[in-house]
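Input: a single structure, listed below in structure tokens.
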Amino acid sequence: MRAVGVRERNGRPEVLQARRPEPGEGEVLVRIAAAGLNPLDWKIADGMLEDVVPYDFPLVMGVDFAGVVEGSGPQAHRFVTGEQVFGHVVSEPVGRGTYAEYVVVNETGSVAPTPLTLPLTAAAGAPTAGMAALGIMGSAALRSYRSLLIIGAAGGVGTFLTQLAAADGLRVVAATHGHDQARMASFGAALTVDARERPLEEAVREEYPAGVDALVDLTSHAREDFAAHAGLVRDGGVAVSTVDAASLDALHGRGIEGINFHLDPSAELLEGLAREIDSGRVAVPIEAEVPLDEAPGALARNRAGGARGKTVLLP
């Protein structure tokens, strides 16, 4: 089957010929209709998991998918042939990814029936970013707050999070690097700040002199950058990092809860995400649909940053 992957760690993504996988015990074979592209994909290919699980080369990239169940292994009863599913999969060893025509997934893993209101191509853009946003909402109890500042709001996780927070009645301040006012407003943001044109602190303090209730920082790897953003949170609020930048030292004495969020993918999160989508509270922002053969170029653009919404790959 056709696939896209790398032949070595830090290798250049290329179109490969890979063996079609066969489902083992408790597994289902899915014919992929579309695969979602995430920064996680090239980070895994670069070796981010090599201290945790073994790698198998050539490595087929990708974790998100949507498609149709085409077969089942022994003791696999959760799905039936022909059922439409979407999900997130990291194989062990790493290497059986979703940038391909077929993928095998454990039926007890993070796989679920697709939202009823979405075509498969759009569903493929939802799993990782949507589950992350839903998980952040729960881990930080964001529904109990009234205002939320999102750093990196224009990306995949940010657009899902903006929608979920706005649907729950939070006033979202979306920090971006580009002219995204109209786009972020369509997702429910009350205020969008282009940090290239106006100092973020000035814009936030004008709206919230005492600080916002909550912060979710999706982009700041340096602790000093996260600390600067956390300085815009009122005493007693909450500050979340998705890249392990939350430091208790930066929040000391202000009663701010600091959280380093890590996604724990599950069928339950996916099912919750499907309900949010089918209820109309969340739309899946697809930026581009790209043929699988053009995935290497799409990955290069993703590495460069500045994505607006999701890219999906079509086998």
Side-chain angles (χ1 to χ4, degrees), residues 4 30-42 61-68 84-89 97-101 103 110-134 150 152-167 174 176 178-189 192 218 263 265 269-270 272-315:
V4 170
V30 178
R31 177 168 49 83
I32 294 176
L37 188 155
N38 299 285
L40 178 63
D41 304 341
W42 49 264
M61 299 173 66
V63 298
D64 281 359
F65 68 92
V68 179
Q84 295 186 351
V85 296
F86 74 144
H88 167 111
V89 58
T98 62
Y99 291 6
E101 295 176 291
V103 70
S110 49
V111 56
T114 55
L116 299 174
T117 55
L118 281 188
L120 287 172
T121 49
T128 296
M131 284 194 293
L134 201 57
I150 302 176
V157 177
T159 50
F160 278 100
L161 184 59
T162 297
Q163 293 178 82
L164 287 169
T176 68
H179 297 285
D180 289 290
Q181 284 85 353
R183 180 172 175 272
M184 295 313 300
S186 73
F187 293 134
T192 299
L218 301 166
L263 173 62
L269 265 180
L270 272 177
L273 178 61
R275 288 192 295 272
E276 296 283 0
I277 292 169
D278 284 337
S279 72
R281 284 163 44 95
V282 176
V284 181
I286 301 298
E287 179 185 31
E289 296 181 2
V290 177
L292 188 65
D293 291 345
E294 297 176 16
L299 284 161
R301 291 190 293 274
N302 189 266
R303 276 183 183 268
R308 297 294 185 265
K310 298 293 297 182
T311 293
V312 294
L313 308 175
L314 308 180

Task: Electrostatic pair Glu287:Lys310 at N-O distance under 4.0 angstrom - done: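 Result for this pair is no, no salt bridge flagged.
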Could you check if a side-chain atom of [X] sits within less than 4.5 angstrom of a side-chain atom of [Y], using non-hydrogen atoms only?
X      : Y      : answer
Val312 : Leu37  : no
Thr114 : Leu120 : yes
Phe160 : Val284 : yes
Asn302 : Thr311 : no
Val111 : Val89  : no
Met131 : Leu263 : yes
Leu269 : Ser110 : no
Phe187 : Pro285 : yes

Return the minimal non-hydrogen interatomic distance between [X] and [Y], and the atom names on each side.
X      : Y      : answer
Ala298 : Leu313 : CB-CD2, 4.5 Å
Pro113 : Ala274 : O-CB, 4.4 Å
Val103 : Gly97  : CG2-O, 3.7 Å
Asn38  : Tyr99  : N-OH, 4.3 Å
Ile32  : Pro315 : O-CG, 3.5 Å
Ala189 : Ala174 : CB-CB, 4.0 Å

Return the [atom1] to [atom2] distance between [X] and [Y], rounded to the nearest 0.5 Å.
X      : Y      : atom1 : atom2 : result
Leu292 : Glu101 : CG    : CD    : 7.5 Å
Asp180 : Thr192 : CG    : OG1   : 7.0 Å
Met184 : Thr162 : CE    : OG1   : 3.5 Å
Ile277 : Leu118 : CD1   : CG    : 5.0 Å

Verify, without hydrogens or angle tests, whether [X] (side chain) and [Y] (backbone) share a donor-acceptor contact under 3.5 angstrom.
X      : Y      : value
Asp41  : Met61  : no
Asp64  : His88  : no
Gln163 : Thr159 : yes
Arg281 : Arg275 : no
Thr98  : Val63  : yes
Asp278 : Thr117 : yes

